[in-house]
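What follows is a short report on a single structure.
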Amino acid sequence: MSEKFDPSQADAHWQQVWDQRACFHADDASTKPRSYVLEMFPYPSGRIHIGHVRNYTMGDVLARYKRMKGFEVLHPMGWDAFGMPAENAAMEKGVHPGGWTRENIANMKAQLKRLGFALDWSRELATCEPDYYGHEQALFLDLYRGGLVYRKESAVNWDPVDQTVLANEQVIDGRGWRSGALVEKRKLSQWFFKITDFADELLEGLGTLDGWPEKVRLMQENWIGKSQGLRFTFQVVDPAPQLPGTFEVFTTRPDTLFGASFAAIAAEHPLALALAKTNPEAAEFIEECKRGGTTAAELETAEKHGFDTGLRVAHPVDPSLTLPVYIANFVLIEYGTGAVFGCPAHDQRDLDFARKYGLPVCRVVADGDLDAAVFEGDEAFTGPGKLVNSGFLDGLDIKAAKTTVIERAQSEGWGTGETQYRLRDWGVSRQRYWGTPIPFIHCEACGVVPVPKDQLPVTLPEDVDFKTPGNPLQRHPTWKHVDCPECGKPAERETDTLDTFVDSSWYFLRFASQPEDRPFDPEQVAKWLPVEQYIGGIEHAILHLLYARFWTRALKHIGKLDIAEPFGSLFTQGMVTHETYSRTDMDSGQPVYFSPAEIDRGGESATLKSDGQPVEIGRVIKMSKSKKNVVDPDEIIATYGADAIRWFMLSDSPPERDLPWSESGIEGCGRFVQRLWRLFSGFDASATGEDKALDRKRDQTVAAVAEDIEALSFNKAVARIYELVSAIEKAKPSASRSAAIRAVLLLIAPMMPHLAEEAWQTIGDGGLVADALWPAVDPALLVDDEVTIAIQHRGKLRDTVTAAKGLPKDQLEALALASEKVQRSIDGAEVRKVIVVPDKLVNIVT
RNA sequence: GCGGACGUGGCGGAAUGGUAGACGCAGCGGACUUAAAAUCCGCUUGGGGUUUCCCAGUGCGGGUUCGAGUCCCGCCGUCCGCACCA
């Protein structure tokens, strides 16, 4: 073996060998137990960034470990290849989105290969290719026939300059992010998935996902936002003929009905709109509401405004009481019925509103002894208590009062108990080119007609231009013109494409099974799924993960699948962060940032290489181009090799937390690679003699590292490997030492596969370490025969003694009392009690 | 406002209610070397005695326990998610 390990030679060599031997092809016909390890597939932006490296290294270690444990592992990779950046590139650089995307894929694939990931590239897919999105179109039609897809008019953010719909994230302070134009609300006919049909199922299903982080489950729970309450109808007193005579409200606090002092409707509510036609003041107020900002900060500070319509509604329980009806800016048309009743004493918003407009505030829930009908103060009481001033509800607690009101409403026919969800149906229409064409045809005579399955895929036209704003599909000269599949008359294709979240809602199925004629084979899918371990960023906690869960359930609902949840275990990894380097620009006062490559980093200071002068070291934050605190994985690989960067990704920080990147850290990893190489180089197969302590250390480490990897606690596994390596280095040559070196090689094989493969050539027993099995352990060696006993007095450690494992309590006690240090500490005091924990400690109480 | 997570050396972090600070990084000292790099050895929570010892110490204040970084209560701080959700 040569003196130094040379990753620039070894990495490429072994990557090629793994490729040629198809080491990581998952065998559908295998009889082994199966394991499906999946990382969220990347968007092909052009370059792999360090966050990808961390994500895929974790998955790779798990996949390789599972293989060593005898599993048939499916570990695939693909590309979430549709999306806006490709169209932006097309507009900015005049390239075709497809060409740009495919080039990026090629580059990033090469980068992934340089990291030596154990991926089954034969299953690679890109969502922008017809052999993927064609199947997606077929599934879309299946879901349509299953009643889970529909069209409706819906408001969108419309950029009048770019002639396009904007996602909410693309609207910044009410303006289009690219054009800067004021965004308009426009009504368009859009396609929707009926995800709300599954709201309850998706909520209930969270309870079965034991392998998911509690945090993600909570986020999804909040997103679905189930609330139970009462929906009831208000009758308008003396309704005008041109106005609706009733409207419905929803409340989660039907118990406070007797505290109602007004009703409020949203500015977009049908009654408000009807009123606006004849009442200019109302119209003006509605306009004013629309102008209000929609950002969180604005909403928080926005004052509550109302417009008294002059209308009154009858109180449902006591029709002799009437309430004024306001149009109010704090009522949301999207939630519930877009109308509420206000109970100021027990709702802060209602109280703010009531105080502003001088409305009555009547207490209906007692605050301890406080039960006066007149409510004082500006803080609503929302705590528990008995109902007061509430007729037939008096004396009930809140829960009982809710039930009583709902029962009464139902028996008297003016309302029903109802469950509301915050979750909305999923709008998937995008007025863009670079996405999956929605497979429908609009015919004047036949209406909306699905494209027949034998005409799928509906492929994107290649000859498009991005010089003019708007959807290229819409203005393409020929593409949209087709004959109606039903009547044969000229008709038009749907020119909207699908939200890219649709593409990522079923790719894990296509990885498991890739028939040409169907999206997937349910039998194969049943063999591989659910994904045993899914790994990705927390930023997908809600949308992607909820949509994928919805698709799985929807496909089950229409009989295409037999699993309910796609991802058995989910892991969300932390970000890779880096400190920032900057100087303050004298003229502008703004910081000027420098990249790590421009910096010489000492122990406590940093200087700029070009002038040797100090720079300010800033906080450790997420890597971003604007702060220049980024590192390029390719450069790291070129300097230190793939194994060093992989090792760094696993070291130190727990994987769910942020990992601070540092030059000294990666240098340390590079040194450890060489240190291992020296260890392996010193392997002596002919050494003899036994080192029992090292044997124990070896098997204990093997067992512990296995546990750590299965728990994804890579940082702990890394620390244990360091410990074992140190112990081996200190040990004298023996057969035990050689065996321990061999064990280390297998332990690091999933983490540093290139180094492991190279060393395996001389240490191993033929073949590839990629095909080797995880080392077996001798259970007898996992327990020590001697243990260290801690001796405490008054709860503090006074001494430690070594004792045989399993020594009886009385002997341990005697041993403890015999200690000189302990006796000194006791200092003649009376021993009142001795607690003995076998094999652990003795605590003497005086 | 609601919900959640977290708080341990100079830094990242270990620690089934049982020896706090494993392991890595940084730092200091030494060996090897003409020298440097690499490598190896030692030290590295604070305060005191300086020898093999003592005291304090896991954001702050209480509590439970023979024993608390860990469990309970109350604060403080940081981060994240959601939010005029009726």
Side-chain angles (χ1 to χ4, degrees), chain A residues 3-4 213-223 225-227 229-230 249-253 256 264 266 292 296 298-304 328-332 334-343 347-350 352-353 382 420-422 538-539 541-542 577 579 601-604 620 647-648 651-654 656-669 671-672 674-675 678 713 715-723 725-726 729 788-800 820-821 824-825 832-837 839-846:
Chain A
E3 217 164 274
K4 282 194 83 176
E214 186 61 27
K215 178 191 170 93
V216 175
R217 292 194 294 182
L218 261 164
M219 283 166 76
Q220 293 214 350
E221 195 181 313
N222 292 340
W223 187 262
K226 182 176 182 171
S227 56
L230 171 71
V249 298
F250 175 73
T251 178
T252 57
R253 291 296 301 272
T256 64
E298 282 173 307
L299 288 175
E300 199 170 344
T301 53
E303 209 182 317
K304 289 171 183 46
N329 65 344
F330 67 90
V331 180
L332 306 174
E334 302 91 40
Y335 188 78
T337 59
V340 299
F341 83 80
C343 174
D347 181 288
Q348 192 58 49
R349 281 164 319 174
D350 294 348
D352 294 346
F353 192 80
T382 54
Q420 280 284 338
Y421 297 91
R422 209 189 72 101
I538 187 71
E539 67 273 19
I542 295 172
T577 56
E579 56 191 12
R601 183 74 168 87
E604 279 159 26
V620 177
W647 187 251
F648 188 106
S651 304
D652 295 348
S653 288
E656 69 278 8
R657 285 201 218 165
D658 288 352
L659 172 66
W661 178 269
S662 70
E663 283 305 309
S664 48
I666 184 67
E667 277 168 24
C669 293
R671 281 199 297 272
F672 186 60
Q674 298 300 337
R675 186 171 155 203
R678 288 192 297 276
S713 299
N715 57 321
K716 292 189 215 169
V718 162
R720 289 189 211 280
I721 290 171
Y722 274 116
E723 275 187 75
V725 168
S726 287
E729 285 170 340
T788 306
I789 306 293
I791 306 170
Q792 297 179 335
H793 172 228
R794 298 201 317 263
K796 287 188 182 297
L797 182 73
R798 302 296 162 180
D799 199 3
T800 57
E820 192 190 320
K821 288 181 195 170
R824 210 186 313 148
S825 177
R832 288 192 292 136
K833 195 173 173 187
V834 179
I835 283 122
V836 182
V837 183
D839 299 334
K840 270 264 162 62
L841 99 170
V842 179
N843 191 5
I844 296 156
V845 187
T846 57

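Chain naming here is simple, since letters A, B, ... match the order of the sequence lines and numbering starts at 1 in each. We use all heavy atoms of the structure for the numbers below, so side chains are in, but hydrogens, waters and symmetry mates are not.
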### Closest-nucleotide 5' rank along RNA chain B - winner of A:C669 and A:M219
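The residue closer to the strand's 5' end, by nearest nucleotide, is A:C669.
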#### Entry: Contact nearer the 5' end of RNA chain B, comparing A:E214 with A:P654
A:E214
### Message
Ring-plane angle category for A:F648 and A:W661, please: parallel below 30°, perpendicular beyond 60°, tilted otherwise.
### Response
tilted
Nucleotide nearest [X] when distance is taken to its side chain, options [options]:
X      : options                : answer
A:R422 : B:rA83, B:rG3, B:rA86  : B:rA83
A:R678 : B:rU19, B:rU39, B:rG13 : B:rU39
A:N843 : B:rC66, B:rC25, B:rA86 : B:rC66
A:S653 : B:rC84, B:rA86, B:rG13 : B:rG13

### Query
Is the shortest side-chain N/O distance from A:R349 to OP1 or OP2 of B:rG1 below 4.0 Å?
no
### Task
Verify the contact: side-chain N or O of A:K796 to OP1 or OP2 of B:rA56, cut-off strictly under 4.0 Å; return yes or no.
yes
Take atom [atom1] of [X] and atom [atom2] of [N], then tell me their distance rounded to the nearest Å.
X      : N      : atom1 : atom2 : result
A:L841 : B:rU19 : CG    : P     : 7 Å
A:N329 : B:rC85 : CG    : P     : 12 Å
A:W661 : B:rG12 : CH2   : C1'   : 14 Å

Using the [atom1] atom as the reference point in each nucleotide, state the distance between [N] and [M] in Å, no decimals.
N      : M      : atom1 : value
B:rA22 : B:rA38 : C1'   : 27 Å
B:rG59 : B:rC66 : C1'   : 27 Å
B:rG12 : B:rG62 : P     : 28 Å
B:rU45 : B:rG9  : C1'   : 5 Å
B:rA14 : B:rU58 : C1'   : 13 Å
B:rC85 : B:rC11 : C1'   : 43 Å

Who pairs with [N] - Watson-Crick or G-U, where each distance is under 3.5 Å:
N      : value
B:rA56 : B:rU45
B:rA20 : none
B:rA68 : none
B:rC6  : B:rG77
B:rG1  : B:rC82

### Query
If you round to the nearest 0.5 Å, how far is NE2 of A:H793 from NZ of A:K821?
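NE2 of A:H793 is found 15.5 Å from NZ of A:K821.
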### Message
Measuring from atom CH2 of A:W647 to atom CZ of A:F672, what distance do you get when rounded to the nearest 0.5 angstrom?
### Response
4.5 Å
Do [X] and [Y] make a side-chain contact, defined as non-hydrogen atoms from C-beta onward lying under 4.5 Å apart?
X      : Y      : result
A:T256 : A:F341 : yes
A:I844 : A:I791 : yes
A:N329 : A:K304 : yes
A:I835 : A:V842 : no

### Query
Does any donor-acceptor pair link the side chain of A:K833 with the base of B:rC66 at a separation under 3.5 Å?
no
Between protein and nucleotides 52-54 of chain B, what N or O pairs are separated by less than 3.5 Å?
{"residue": "B:rC53", "atom": "OP1", "partner": "A:K821", "partner atom": "NZ", "Å": "2.9"}

### Message
Could you check B:rG9 for me: syn (within 90° of 0) or anti?
### Response
syn
### Message
Mind checking if A:R832 touches a base, just sugar-phosphate, or nothing, with heavy atoms under 4.0 Å?
### Response
nothing
### Task
Looking at every strand, decide which applies to A:V837 at a 4.0 Å heavy-atom threshold: base, sugar-phosphate, or nothing.
base
### Query
If you measure only the distance, is there a donor-acceptor pair under 3.5 Å linking the side chains of A:S227 and A:Y335?
yes
### Task
Indicate whether any N or O donor in one side chain lies under 3.5 Å from an N or O acceptor in the other, for A:S713 and A:R720.
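No, A:R720 and A:S713 have no side-chain donor paired with an acceptor closer than 3.5 Å.
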### Query
In terms of side-chain geometry, is the basic nitrogen of A:R675 or A:E729 positioned less than 4.0 Å from the acidic oxygen of its partner?
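Answer for the salt bridge query: yes.
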### Message
Please determine whether the number of non-hydrogen atoms from other residues, nucleotides or ligands lying under 6.0 Å from atom NZ of A:K4 exceeds 12.
### Response
no
Which atom pairs link the protein and nucleotides 20-24 of chain B when you take only N or O atoms and keep those under 3.5 Å?
{"residue": "B:rA22", "atom": "O2'", "partner": "A:E723", "partner atom": "OE2", "Å": "3.3"}

